[in-house]
2 protein chains.
Amino acid sequence: MARKTKAEAEQTRTLILDTAEKLFHEQGVSHTSLADIAQAAGLTRGAIYWHFQDKLDLFNAMHERIAMPFSETLEKLATLEDPLGALRIRCIEDLENLVDDEHLCRVLSVILHKCEYVAEMGQLCERFDSHVCKVMEAKEKVMYHAHQLGQLRRGLDPHLAAVALHNFMLGTISDWLFAPERHCSLRRDARVLVDIFFRGIAAAPLPD
Amino acid sequence: MARKTKAEAEQTRTLILDTAEKLFHEQGVSHTSLADIAQAAGLTRGAIYWHFQDKLDLFNAMHERIAMPFSETLEKLATLEDPLGALRIRCIEDLENLVDDEHLCRVLSVILHKCEYVAEMGQLCERFDSHVCKVMEAKEKVMYHAHQLGQLRRGLDPHLAAVALHNFMLGTISDWLFAPERHCSLRRDARVLVDIFFRGIAAAPLPD
DNA sequence: ATTTACATACATTCATGCATGTATGTAAGA
DNA sequence: TCTTACATACATGCATGAATGTATGTAAAT
């Protein structure tokens, strides 16, 4: 086939990523072959091997497309005057936004429920782990600052507060993605759920 | 090969399950072939196909071995005089016990992190889903009873309290299994973590 | 004697990785 | 400006190695 212009090639790369994302979500990562992806994208395996080293590299690229937004803006919350309140708002927004972001839903669903974390994916596990750690550290900073401002319940370890929040959000997203709207409507109940948690760590009653 | 006695056959079946559990945990479900399991167990694929219809059937059997204890005893908590307190103790114990139960850790780890939930596993998903629903209903009963006794914060929906608790426990277990002792020592911090949550839903301060 | 509890053998179906082909974009020289 | 020389962006084909399901063999338990 003919050579394409750089812009077209970039478009092809994006098409491959979009298609992979979709098929991974429908069939699972290990049950989706590169041939499947190529066919669904109207290409051949050659195209995929041109843009990506192998399946793992493709998966990594898929993760990179959504990894950034999470930890970045979180850091800034620690410097605000009401860190705990800001963190609460942020958590509620994260859940509410997730509902409308099909793209993010698919990728998170793949990561949480359509992928096996084993030796072969070792490189991947480490990347995820380091990413989670970065997010945790950011949350920890916010909690620590909130602690210094007396916003946390007395005697509460800021580190454990961050861990607990992380676990709560992870479980909430994980369960909702597994069976959307089964146990709760995330769009409707996000605020109530998050507030249940924050009432557990806040020194003062939450604002209305 | 020679025929074995019924007891020996049952032993073979258990050996297959144990081996599958171990390999699923090490290599992931879809990356573990029946040949792998047979070889590791010192058998052939014929033995597995004798005891189980196919891989999915084997997986189901593995799940059944650990599914019972969860929802069963949970129901009874609703009838106690301090349902919320009993539920809290139960959650703490569940986490603490998990740490020492290698068998349970492996299977939960497989279910949460070494398995892809897709169409092929449809039957499996439904089973999990119905199991989760049963556990949720049990927790909901406890919450409802606690609500009637005035143990829940006023204005708190017992159903959402149950959902939130389920999400919190799921996230805690999931994260700990993914990177044990990375964020927290479950053995040491189980009580603190659970109490963070229960302070969010309880009307009165927790007992020491 | 018949069923049980496996082992063995075979046929079929993917999925992968690589090797090779090929036609075009693109930059530099004349 | 036109050509040349190459790199690019894929397509195609093949060799190889699993993994599965099934069919059949077999020796002991019942």
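Every heavy atom of this structure was used, including side-chain atoms; hydrogens, water molecules and symmetry mates were not. Order of the sequence lines sets the chain letters (A, B, ...), proteins ahead of strands, with each chain counted from 1. Quick caveat: nothing in here was measured; it's all calculated off a predicted structure.
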May I have the distance from A/Ile48 (atom CD1) to C/dC18 (atom C1'), rounded to whole angstrom? 15 Å
Taking five pairs at each end of the helix from C/dA1-D/dT30 to C/dA30-D/dT1, what angle separates the two helix axes (nearest 10°)? 10°
Measure NZ/A/Lys55 against C1'/C/dC14 and give the value in whole Å, please. 12 Å
What is the distance, rounded to the nearest whole Å, between atom CZ of A/Phe52 and atom C1' of D/dA9? 13 Å
What pairs of residues pass the salt bridge (charged side-chain N to carboxylate O under 4.0 Å, His left out) test when at least one of them lies in residues 16-40 of chain A, not counting sequence neighbours? A/Asp18-A/Arg65, A/Glu21-A/Arg65, A/Glu21-A/Arg106
What is the separation between atom CZ on A/Arg45 and atom C1' on C/dG21, rounded to the nearest whole Å? 16 Å
Can I get a per-line list of side-chain donor-acceptor pairs under 3.5 Å for residues 134-148 of chain B, giving both atom names and the distance, sequence neighbours left out?
| unit_1 | atom_1 | unit_2 | atom_2 | d |
| --- | --- | --- | --- | --- |
| B/Lys141 | NZ | B/Glu75 | OE1 | 3.3 |
| B/His145 | ND1 | B/Ala78 | O | 2.2 |

For a quick test of reading the model: is some side-chain N or O of B/His51 closer than 4.0 Å to OP1 or OP2 of C/dC6? yes
Does OP1 or OP2 of D/dC10 have a side-chain N or O of A/Trp50 closer than 4.0 Å? no
Any residue meeting side-chain hydrogen bond (donor to acceptor under 3.5 Å, both in side chains) with B/Asp101, in chain and number order, not counting sequence neighbours: none
Looking only at side-chain N and O atoms, does B/Thr12 come under 4.0 Å of OP1 or OP2 in C/dC6? yes
Can you name the residues that form a ring-ring contact (aromatic ring centres under 6.0 Å, His included) with A/His63, not counting sequence neighbours? A/Phe128, A/His131
Nearest-Å distance, CG (A/Leu56) to P (C/dT16)? 12 Å
Taking CD from B/Gln53 and P from D/dT20, how many angstroms apart are they, rounded to a whole number? 15 Å
Look at the aromatic rings of B/His166 and A/His183 and report parallel, tilted or perpendicular, splitting at 30° and 60°. perpendicular
Using side-chain contact (heavy atoms from CB on, under 4.5 Å) as the criterion, list what pairs up with B/Ala20, not counting sequence neighbours. B/Phe24, B/Ile37, B/Leu58
Sorted by number, the residues of residues 24-44 of chain B with heavy-atom contact under 4.0 Å to DNA chain D: B/Ser33, B/Leu34
Give the rounded distance in Å between these two atoms: CG of B/Leu15 and P of C/dA5. 16 Å
With sequence neighbours excluded, what pairs up with B/Gln53 under the side-chain contact (heavy atoms from CB on, under 4.5 Å) test? B/Asp57
Please list, chain by chain and in numerical order, all residues satisfying side-chain hydrogen bond (donor to acceptor under 3.5 Å, both in side chains) with B/Gln27, sequence neighbours excluded. none
Salt bridge check: are A/Arg191 and A/Glu96 linked by an N-O gap of less than 4.0 Å? no
Rounded interatomic separation in angstrom, taking CG from B/Leu58 and P from D/dA19: 15 Å
Please determine whether a side-chain nitrogen or oxygen atom of A/Tyr49 lies at a distance below 4.0 Å from atom OP1 or OP2 of C/dG17. yes
